[in-house]
Amino acid sequence: MADTSGRRTRAANIARLREALQRSPVVASVVGAEPVPAFNAAASQVAIVASVELKDLAGVVAELLGGGKFFFLNVDSCRGLAQDKGALEYLGALRVPGIVSTRTSLVERAKALGQVTMQKVFVTDRSNLPRSLTSTAMSKPDLHELMPWPVLPRIDRAARAELSPFIAAGFVQRAADVSLALSLGAKAAATSDRPLWDAPAAEIRAAAARAAQAANHREQGA
């Protein structure tokens with residue numbers, strides 16, 4: 001019964017996440033407890049929450065749940081939170097809907113426990129991209145966080161497809177960055193820049209469509 005309930009909760013949360021990303025393509029990067037009220041009041045519907053002190057974690061999670069939006073907790077960044085099954089079970093008891101980690105084993109465990117998963121992928125040069133693809137092929141996260149965002153145009157279409165679905169993150173500073181990321185296949189882009197949390201979704205998607213169309217024209221003319 002517990003496994004069935006976990007699968008149902010996970011399926012419902014994945015559906016919630018998809019709907020939230022459709023409503024806003026900007027994911028709020030929330031560092032610590034202080035920005036939580038700003039996120040809850042913003043148009044952005046999804047947050048990646050990082051660097052929360054363990055003593056504050058239960059309160060922060062309760063505040064986020066009260067806001068009714070979807071959020072991921074970056075497990076790697078929370079000092080004092082063990083990175084094992086017990087920690088994931090604790091987060092499940094707090095009703096954290098999604099977790100982020102660079103660790104393949106942690107992502108696999110979280111999925112088994114019924115949580116929505118995001119695996120962070122750093123692409124620092126061309127040589128580490130194949131390793132990242134191999135790692136995420138094993139863990140099969142629900143979503144990838146591809147960092148830093150400026151490398152995205154330099155990753156070929158096939159590799160981007162292998163990393164899909166993904167969000168772009170790191171150095172996202174303008175609405176134009178979000179639009180370009182969407183035109184390259186991202187579901188959203190994450191930023192700690194609070195004014196972007198309220199960026200109009202329709203305008204961002206329209207600019208993304210124009211950028212994608214321009215890129216297609218360039219490829220056809222090449």
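No experiment lies behind these values; they were computed from the predicted model shown. Index from 1, following the sequence.
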Look up atom CG in Leu65 and atom CZ in Phe70, then write down how far apart they are to the nearest 0.5 Å.
-> 10.5 Å

Once you round to the nearest 0.5 Å, how far does OG1 of Thr102 lie from CD of Gln83?
-> 7.5 Å

Please report the closest heavy-atom contact between [X] and [Y], naming both atoms and the distance.
| X | Y | value |
| --- | --- | --- |
| Thr117 | Pro141 | OG1-CA, 3.4 Å |
| Ala208 | Ser183 | O-CB, 3.4 Å |
| Gln115 | Gly92 | NE2-N, 3.6 Å |
| Glu145 | Ile48 | OE2-CD1, 3.6 Å |

Evaluate side-chain contact (heavy atoms from CB on, under 4.5 Å) for Val36 paired with Val30, printing each intermediate quantity in order.
-> CA-CA 7 Å; Val36 171; Val30 174; 4.0 Å; yes

Is [Y] close to [X] at the side-chain level, that is, under 4.5 Å between some pair of heavy atoms?
| X | Y | result |
| --- | --- | --- |
| Thr104 | Val107 | no |
| Gln45 | Glu19 | no |
| Leu91 | Val61 | no |

Would you find a donor on one side and an acceptor on the other, under 3.5 Å apart, between the side chain of [X] and the backbone of [Y]?
| X | Y | answer |
| --- | --- | --- |
| Ser77 | Ser51 | yes |
| Ser24 | Ala20 | no |
| Ser44 | Val46 | yes |
| His144 | Met118 | no |
| Lys69 | Ala42 | yes |
| Thr134 | Pro130 | yes |

The residue among Thr191, Val172, Leu21 that forms side-chain contact (heavy atoms from CB on, under 4.5 Å) with Val27 is Leu21

Establish, from distance only, whether the side-chain atoms of Gln119 and Thr136 form a donor-acceptor pair under 3.5 Å.
-> no

Would Asn13 and Arg16 count as having a side-chain donor-acceptor pair, cut-off 3.5 Å?
-> yes

With side-chain contact (heavy atoms from CB on, under 4.5 Å) as the test, would you mind laying out the steps for Met138 and Glu108 before giving the verdict?
-> CA-CA 8 Å; Met138 292 172 56; Glu108 291 174 330; 4.3 Å; yes

Would you kindly confirm whether [X] and [Y] end up in one hydrophobic cluster when ILVMFWY residues are joined by side chain heavy atoms under 4.5 Å apart?
| X | Y | value |
| --- | --- | --- |
| Leu94 | Leu54 | yes |
| Leu143 | Leu64 | no |
| Val96 | Phe72 | no |

Flag if over 12 foreign heavy atoms under 6.0 Å of NZ, Lys187 = no

For Arg18, look at atom CZ and say whether over 12 heavy atoms of other residues, nucleotides or ligands are found less than 6.0 Å away.
-> no

Worked check of side-chain contact (heavy atoms from CB on, under 4.5 Å) between Phe171 and Asp177 = CA-CA 9 Å; Phe171 298 100; Asp177 297 336; over 6 Å; no

Less than 4.0 Å between a side-chain N and a carboxylate O, is that true for Asp142 and Arg10?
-> yes

Begin with the C-alpha distance, continue with both residues' side-chain angles, and end with the deciding distance and a verdict on side-chain contact (heavy atoms from CB on, under 4.5 Å) for Asp76 and Lys120.
-> CA-CA 10 Å; Asp76 301 345; Lys120 185 176 290 195; over 6 Å; no

